[in-house]
There are 2 protein chains.
Amino acid sequence: MNFQAGQLTLVCGFCVLLVGVGNLWLCMPEGSSQCSMPVFSWNNVRKLLPSNKFPGSIEQQTNRVPKEKRGTYPQHVLDALTWDEILLARSVLLNASLLVEGRPTVHSISLDTPEKEEVLKWKPGQPVQPRRAYAETVLFGETHKIVVDLVTGTLVSDEIHHGPGYPSLSLDDISLVETLPYNYPPFLQSLRDRGLPMSDIICLPISPGWFGIPDEEGKRLLKSLCYSRNGTVNIFMRPVEGIVMLIDLDTKQILEYIDEKKVRIPKAEGTDYRLLAQKPPLLKSLNPISLEQPLGPSFKVDGNLVRWANWEFHVRPDPRAGVIVSQAVFHDPETGHGRSVLYQGFASELFVPYMDPAEGWYFKTYMDAGEYGLGVLAMSLEPLNDCPRNAHYFDAVFAGADGNPYMTPRILCVFESYASDIAWRHSESLVQDSAIREVRPKVTLVVRIVGSVGNYDYILDWEFQTDGVLRVKVGMSGLLMVEATSVDSIEKNKVGDLHGTLVAENTIGVFHDHFINFHLDLDVDGLANTFIKKVLKRRNVANNESPRKSYWTTENQVAETENDAKIRLKSFEPSEFHIVNSEKRTRLGNPVGYRLIPGFTADSLLSSDDPPQQRAAFIDNQIWVTPYNRSELWAGGQFVYQSHDNDNLAVWSNRNRPIEGTDIVLWHTMGFHHVPCQEDFPIMPTLTGSFQLKPTNFFERNPILKTQPNYPSELPKCSIDLVDS
Amino acid sequence: MNFQAGQLTLVCGFCVLLVGVGNLWLCMPEGSSQCSMPVFSWNNVRKLLPSNKFPGSIEQQTNRVPKEKRGTYPQHVLDALTWDEILLARSVLLNASLLVEGRPTVHSISLDTPEKEEVLKWKPGQPVQPRRAYAETVLFGETHKIVVDLVTGTLVSDEIHHGPGYPSLSLDDISLVETLPYNYPPFLQSLRDRGLPMSDIICLPISPGWFGIPDEEGKRLLKSLCYSRNGTVNIFMRPVEGIVMLIDLDTKQILEYIDEKKVRIPKAEGTDYRLLAQKPPLLKSLNPISLEQPLGPSFKVDGNLVRWANWEFHVRPDPRAGVIVSQAVFHDPETGHGRSVLYQGFASELFVPYMDPAEGWYFKTYMDAGEYGLGVLAMSLEPLNDCPRNAHYFDAVFAGADGNPYMTPRILCVFESYASDIAWRHSESLVQDSAIREVRPKVTLVVRIVGSVGNYDYILDWEFQTDGVLRVKVGMSGLLMVEATSVDSIEKNKVGDLHGTLVAENTIGVFHDHFINFHLDLDVDGLANTFIKKVLKRRNVANNESPRKSYWTTENQVAETENDAKIRLKSFEPSEFHIVNSEKRTRLGNPVGYRLIPGFTADSLLSSDDPPQQRAAFIDNQIWVTPYNRSELWAGGQFVYQSHDNDNLAVWSNRNRPIEGTDIVLWHTMGFHHVPCQEDFPIMPTLTGSFQLKPTNFFERNPILKTQPNYPSELPKCSIDLVDS
């Protein structure tokens, strides 16, 4: 039995044993000696050998996947599809002639999320129903939206998508760049002209965006740019500048070939970021520092349910969003009752436009979630470095282009963190014989996934605090997308023409943005929610009423329809953004609510008639609120690949539906303008931003008043033996 | 020998031994059996007994202060004054008749910071000179600025301050509220009218601000408001609303007495935040989690110099700023050379205006650093809860109102933190047989002080990163400043009139702001620095030049004079804020620089003609740049108490001096609008904001490329014995 992801047969003879965590991670079903590894989907067979080069954290062992690891039986209606469910969906597709053996046409098979009503009705212990798979395939140039009932093993629906936009790239689409260029004489000629051996060159699959170019209409396209891996693993620093290929994904042909300029490939020297490639002396290591929990972590994992402190939530890997957090409930310390906070939250789109209008660059306007898939591109996390000692890891099972499942082990981790921060404190010496110092340290629970979207690494953290705050953190690291240039020093050139910063000799770190939208289906203490913009307004004091001339107060602006909730943040009009339960008030009469505290919120500088801005119109505002609608999941639209401007959050929201006192979804876009600098070369120190969802009159009082401090008696006794074990 | 802080004789029979950290903390000089405790300055004698109620972390032991703990000999020209130096300065004041025994008139004695030139010239090992003390006293209604040479033991200068503004409150000023009201018949009558026993009432010293009221001109004033401590230690939740006393600090008389209204004092129930006051059940504790460093921390402390990773800096407690970080130098991993980053950085003012124009509230427009002193109000940190296990603590020695020294043990801590964050990473599977996962965990070094400014606790962190980033974090916790009201439910009342949120029955958490200004004397790789606003600007693409219609590029706006560097942040005009060395470029020709990445930056809503706004005009902009001037240290002015609008950052900067290519100071104001909520009652979960100073083309490449990952062999073996020890 072969496990195929498109034409990429995932073959290896090893499986992975995590040392230190004590879990056995195995990747293949019984009866097979093969093992799908944590793969970056652009990979091919020969690259799929497991790593054995990391310092002691991973060992290999030949073994097979026991049933429980395959997640054969879903335990929760929101669980991701299991291995067997994907196989079942596949067989239904085959039977319905929506899939043909040997023809890899599947773009995704994932959970068809039930209606919210069905999910809310379902209780643990009941039969896990409904279970449906949602598949996207492209057959004979037509996009099919297929729903399969996994309980009955039958096809529910097969709908053809009309209008612009295609599903995310399939693993089969991606594999084209590994074959087509190398059989294309003009490309081979270009390489010969430049004296580049074919074996040094790697071509990447680049989404082409959409620009209304007549020749490109109606075709499913891919662009490809190439890089040299001669002398470095950091191919992104060695672009073969000027060569652009336009590929028809359905006919599998190169439609257009451009070799614009022959700029030299920047040097390999100094680009390798791996430890083994560093010339001594290395930086002196700090003494080991470790988060230790001698009694173990305080969270419990039951299937995909996580319980920690007063929180309980469901977490699952998702090929498109990376991770989806569902049904986050806070158990009120006063009543013990579970109170809903977040029905569902996830990264719904990630838009990364580059700022060079040149032929080889203008189209770089990535929508990473919808064009590639943040989960598809996530690789296994590295224990002890990506996540601390006591992390719990989750595997993902996704579908390849032929519909067969494959596994990415350790795609998610959950861990407790103590950053030496303080949850609350007060020192007081006014009131009694001895000074008061009451201090409570702050411990949080983090759910982490890292999407390695080509060059970039997005570290997505969902951080749960004991005080009810939910903080979403985005860290950006990885490698710049650079442009080769003949310029080796900016004193010799006009900087303004570079469209970026010279970060190394002949290497421009091109200006770009990152906009990441989060779909936040808050259900604050129930479904009937209202968005309130609480505006801080100056009041002038009438003559002699007070020695003061001014103060501020707040004005609640209730959003009745969607237009009222389109917020473009302004520095000089300070506001708070509350989602309140329209039917519940505290005992004091304050509306029960949560509020969004934005963090990094760069505004787009693209013109409103620029196609990338129109496609990614969710960045027009930093905040939107829509009524719950199961079909409106992705801010950039369902079919983002080559999408136009007709199906995205801005379009839906322009219907201006009523949103007061009903089930609503908050959408928030974080934004970062990135002007690269030399410190970003050859690999970028992480830049981090975050936003918070903070309980605001959700509780009657501080919900962590009754927590306890740290005690010296709880300090572990630790020793270390630095002789390698 | 008595150690007096004003009239408050600090007497106790105990000294403090820290268990678990292993350091002996002792507070008195030899020959004395007395011990000054970490005191909040509003305290009085009977409240100064040491704490023995904290869970196991502190024990007491009678002992004396060994010389080395008193810091008799300064080791660095920037070291704070030692115990003996304060005594010497005091004796010089006495000899010069600028101080009289038994008349506590000293407002501060602290280091007279040498000229930068002198500091830069000085090298460790040389005689620690110059050493001068700067003292502020108020004698017969006149403010004296006195400089004492501590090497020669002579008076250098005695200058009388003319114009508005007074020094910060002395401990003697503060003690007036403990006596005056209780001998004032109208106040006693008010208490009788309300049925309040005198022993329940505590009156607080409140700075009166300045509002141009004719009767108040030319007088040094204090207001006092009173609180009940009946049934709670959380007096701030029990205001005796409506009573306001106006006190003349020099004649020590009550000038004006108001008893405006007889609103009931809000109930005590539910206000106590101490662990021992909580009714069971407590919240279930999380399993112990501890930052463990079995080989010890990686930083070295030598006097007040701290060395960690590639950083080296000097740190000292300061009565006004809390903590001053000086001469932060980064040793470039490429050359090993120390490169200056920050000559001096500290919190220069903290402005907290409340938003109620009523008689008892309008004047609450605190300037905490200049009116009270963030260091004076900082209490000892609580090991294991304020700072993690391996923290190193520094003591402070400050001067009381009679000029004698007293000590606040453990006022600062320094520790390494590992928050499970990632310094840099990349996953890659494109280029070789096995997947690459290179991940470096992020460890930082934190300097922490907590200023307990009456009700509020400001947690100030200076966080050093291995990649050269310096992050300043402000956490706010503690107790709200509340107003008593007859309202017990907002449904019965118009909310808009409350000037705040009903956070408990009859308790309004009044709207307010926090603006905290940081004086950041950056010396980026030397003295010759320039401020550059790098503006991101849209460029429209001419017809058909590209399928794109727009992109952005950057434009450097060099600040030639101060007016060019007054930045009011705007969401829609994105910019970066660079301080570059005007004489140094990288090998690629980029200017060597650091940049400010602002975080919380609320803009003031007060009108420009409102006296509080004019006094605190440093909040007019979030960013200012001035030329270095030793006398311009405090953004609100040198004499902030009752200051007008004639001496502050805005006034200095209006001279519009040249600032290009010279020694400059960056001033940055963080801002928070605080709309209280019920979760802030009875004690606030910490709200945190931060800004970063980030190397930007300061290094030739990523300075932490050559760091190593965590290895499993470095994990400690830990056990815990939960039987109380």
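Basis for what follows: all heavy atoms, side chains included, without hydrogens, waters or symmetry-related copies. Chain letters run A, B, ... following the sequence lines, proteins first and then strands; every chain starts at 1.
Contact of F415(A) with chain B is made through the side chain alone, with heavy-atom distances under 4.5 Å. Only the side chain of I459(B) has a heavy atom closer than 4.5 Å to any heavy atom of chain A. Using a 4.5 Å cut-off between heavy atoms, P612(B) contacts chain A through its side chain alone, with no backbone atom that close. Heavy-atom distances place the side chain of N540(A), and not its backbone, under 4.5 Å from chain B. The part of P611(B) that comes within reach of chain A is its side chain, from C-beta onward, which places non-hydrogen atoms under 4.5 angstrom from that chain. Of the atoms belonging to E576(B), it is side-chain heavy atoms, and not backbone ones, that fall under 4.5 Å from chain A. Only the side chain of T501(A) comes within contact range of chain B, with at least one heavy atom under 4.5 Å from a heavy atom of that chain. D467(A) touches chain B through its side chain: at least one heavy atom from C-beta onward sits under 4.5 Å away, while N, CA, C and O do not. Neither the backbone nor the side chain of V469(A) comes within less than 4.5 Å of any heavy atom in chain B. Heavy atoms of L606(A) lying under 4.5 Å from chain B belong to its backbone as well as its side chain. At a 4.5 Å heavy-atom cutoff, the contact between V233(A) and chain B is made by backbone and side-chain atoms alike. For chain B, the nearby parts of L502(A) are the backbone and the side chain; heavy atoms of each come within less than 4.5 Å. Contacts of V503(B) with chain A are made by backbone atoms alone, with heavy-atom separations under 4.5 Å and no side-chain atom involved. Proximity to chain B is absent for every atom of K442(A), based on heavy atoms less than 4.5 angstrom apart. Only the backbone of A423(A) comes within less than 4.5 Å of a heavy atom in chain B; its side chain stays farther off. Heavy atoms of P695(A) lying under 4.5 Å from chain B belong to its backbone as well as its side chain. For chain A, the nearby part of V541(B) is the side chain; its heavy atoms alone come within less than 4.5 Å.
Annotation for Y273(B) and L705(A): closest pair CA-CD1, 3.7 Å, computed over non-hydrogen atoms. Shown here for F681(A) and R701(B), the closest heavy-atom pair between the two residues is O-CB, 3.3 Å. When all heavy atoms are compared, the tightest approach of D457(A) to S427(B) is OD2-N, 3.1 Å. Minimum heavy-atom separation, N287(B) to P297(A): ND2-O, 3.2 Å. The minimum heavy-atom distance between Q708(A) and L275(B), with the atom names listed, is CG-CD1, 3.9 Å.
Looking at residues two or more places apart in sequence or on another chain, you find a side-chain contact (heavy atoms from CB on, under 4.5 Å) between T688(A) and K473(A), T686(A).
Under the 30°/60° scheme for interplanar angles, the aromatic rings of W552(A) and F511(B) are found to lie parallel.
In the model, T586(A) has a side-chain atom that pairs as donor or acceptor with a side-chain atom of Q678(B) under 3.5 Å.
In this structure a side-chain-to-backbone donor-acceptor pair under 3.5 Å is present from S477(B) to R425(A).
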Item to check | Evaluation steps, salt bridge (Lys or Arg N to Asp or Glu O under 4.0 Å), between E438(A) and R274(B) | outcome: CA-CA 6 Å; E438(A) 290 277 341; R274(B) 291 171 306 163; 5.4 Å; no

